[in-house]
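Worth saying up front: this structure is predicted, and the values here are computed from it rather than measured.
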Amino acid sequence: RLLFESLWRTGEKGKKVTAEEIKTLPAPSPVPFQTRTASVLREFFLSRNSLIIFSICGVLAAAMTYGLYRHNLALNLQQMRVQAQGIASTAALQFDAKDLDQLRVESDWKKPQWAKVVNQLREIRENNKDIVYAYIIRKTSENSMEFVSDADSMNPYANSDNDPLNNVNVDAGPMIGTGAILLQWPGQKYNDAPKQTFTAYQGSTTTDILLDQWGTVLSGYAPIKDANGRVNAIMAVDIKADKLKKLSQDTFSPVLWFMLIFLSFVLIRIPAFNRSLFKGFV
């Protein structure tokens, strides 16, 4: 192009230029390295083939990100289940079935066995920071459960008496209502007990993440047995579902940020296919 422009400037239109005259023309200036580099990069990033490849990579990256996130979520959920089940199984060994047999009706909360069991439940919760609720339940029929004891209910009437100084915050979560003020006493009916509370009579188990009047939790259950090996009650612990979100964020955030940056790069480059937008480019 530079040679043609030189010839056009020095020769008349339509006039033949001799070889000797061409030799006398000044040599074109070398293209600066920065210009050549920018030109190559522009061709690479803005060519049709490159944009198609970036688009395909972007779709694949999005699919991989979603797949990795779901896999990561499943692993963390399984980790929570193992943790809840392990804590419940270990805690179940700490209770004497004879103490639980003394806790049958509402007035039994005044017995010394009530204070003993509640303090044991509190200690279990304090020693396991991820546990928000610790309680004991028992089956009264094939489809009904009742509370035996609860870590928050040393005084089952603390939230309903006339003394606000002894109120217990049971962290009812999004479903603020009866569950926010209701504490448990021996023999209180457990409405809508998960099916896993019944299967726990055959062995330790866990629930999926459930939403009830106390919030969104994952529960672990384990049988409490008497000296003869008979299941006397079920030890239950709840882990807040927020832990699953935190685990997923902690382990997946670096991958997610990488994928987001890559997708952003692709999305920015696609409109650049219109070369007219880059007339001012080097």
Side-chain angles (χ1 to χ4, degrees), residues 84-128 131-161 166 168-172 178-207 210 212-215 217-239:
Q85 188 171 339
I87 293 173
S89 299
T90 302
L93 302 175
Q94 302 180 32
F95 295 94
D96 189 339
K98 294 179 180 179
D99 292 332
L100 305 183
D101 284 335
Q102 297 297 314
L103 308 175
R104 297 281 179 179
V105 297
E106 187 171 350
S107 59
D108 288 342
W109 77 274
K110 298 178 181 179
K111 292 181 178 180
Q113 288 86 355
W114 174 260
K116 176 183 177 182
V117 173
V118 170
N119 282 326
Q120 286 178 290
L121 290 170
R122 285 181 174 179
E123 185 176 357
I124 290 167
R125 186 175 61 184
E126 290 172 0
N127 291 336
N128 298 276
I131 300 300
V132 289
Y133 304 120
Y135 49 101
I136 298 173
I137 53 180
R138 78 162 59 91
K139 183 167 65 174
T140 56
S141 68
E142 289 303 316
N143 56 6
S144 64
M145 282 274 178
E146 68 179 14
F147 285 96
V148 179
S149 187
D150 180 87
D152 292 301
S153 303
M154 183 64 79
N155 177 0
Y157 310 101
N159 287 354
S160 56
D161 59 21
N166 63 3
V168 178
N169 178 15
V170 293
D171 191 18
T178 303
I181 63 172
L182 185 64
L183 299 177
Q184 281 65 54
W185 54 78
Q188 181 181 342
K189 187 176 181 180
Y190 184 8
N191 296 316
D192 301 320
K195 62 181 181 180
Q196 289 85 353
T197 59
F198 299 94
T199 58
Y201 272 78
Q202 281 71 54
S204 60
T205 186
T206 63
T207 66
L210 300 173
D212 61 17
Q213 64 192 47
W214 288 278
V217 297
L218 181 147
S219 301
Y221 305 111
I224 300 174
K225 300 180 179 180
D226 60 19
N228 298 319
R230 181 180 65 87
V231 178
N232 180 278
I234 299 298
M235 177 69 211
V237 296
D238 292 346
I239 298 177

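Taking 4.5 Å as the limit, every side-chain heavy atom of Q94 sits out of range of all side-chain heavy atoms of E123. Considering only heavy atoms from C-beta on, I124 stays 4.5 Å or farther from I131 through its side chain. Taking 4.5 Å as the limit, some side-chain heavy atom of R138 sits within range of a side-chain heavy atom of Y201. Using a 4.5 Å heavy-atom cutoff, the side chains of L93 and M235 are not in contact. Residues M154 and N119 meet the side-chain proximity criterion, which asks for heavy atoms closer than 4.5 Å. With a 4.5 Å cut-off on side-chain heavy atoms, D150 and Q188 do not count as touching.
To the nearest 0.5 Å, atoms NZ (K195) and CG (N143) are separated by 15.0 Å. Rounding to the nearest 0.5 Å gives a distance of 13.0 Å between CG of N191 and CE of M145. Distance check: I234 CD1 to I224 CD1 gives 7.5 Å after rounding to the nearest 0.5 Å. Atom CD1 of I136 is separated from atom CZ of F95 by 4.0 Å, given to the nearest 0.5 angstrom. Taken to the nearest 0.5 Å, the OG atom of S149 stands 6.5 Å off from the CG atom of L103. In this structure, OG1 on T140 lies 7.5 Å from NZ on K189, to the nearest 0.5 angstrom.
Across every non-hydrogen atom of A233 and V148, the tightest pair is CB-CG2, 4.5 Å. The two residues A92 and P223 come nearest to each other via the heavy atoms CB-O, 3.4 Å. Among all heavy-atom pairs drawn from A151 and V118, the shortest one is O-CG1, 3.8 Å. Scanning both residues, K139 and S141, for their nearest heavy atoms gives CG-O, 2.7 Å. Contact detail for Y133 and D152: the closest heavy-atom pair is CD2-OD2, 3.9 Å.
If you check the side chains of T207 and Q196, you find no donor sitting under 3.5 Å from an acceptor.
Panel note: side chain D226, backbone N228; a donor-acceptor pair is recorded below 3.5 Å. When atom types are taken as modelled, the side chain of T197 and the backbone of P194 share a donor-acceptor pair closer than 3.5 angstrom. Side chain of Y135 to backbone of Q184: no donor-acceptor contact under 3.5 angstrom is found.
Tested against F147, the residues Y190, W109, W114 include a single ring-ring contact (aromatic ring centres under 6.0 Å, His included) partner, Y190.
One finds no salt bridge joining R104 and D108 here, because no Lys/Arg side-chain nitrogen approaches an Asp/Glu carboxylate oxygen to under 4.0 Å.
In K111, the NZ atom is crowded: over 12 heavy atoms of neighbouring residues, nucleotides or ligands sit closer than 6.0 Å.
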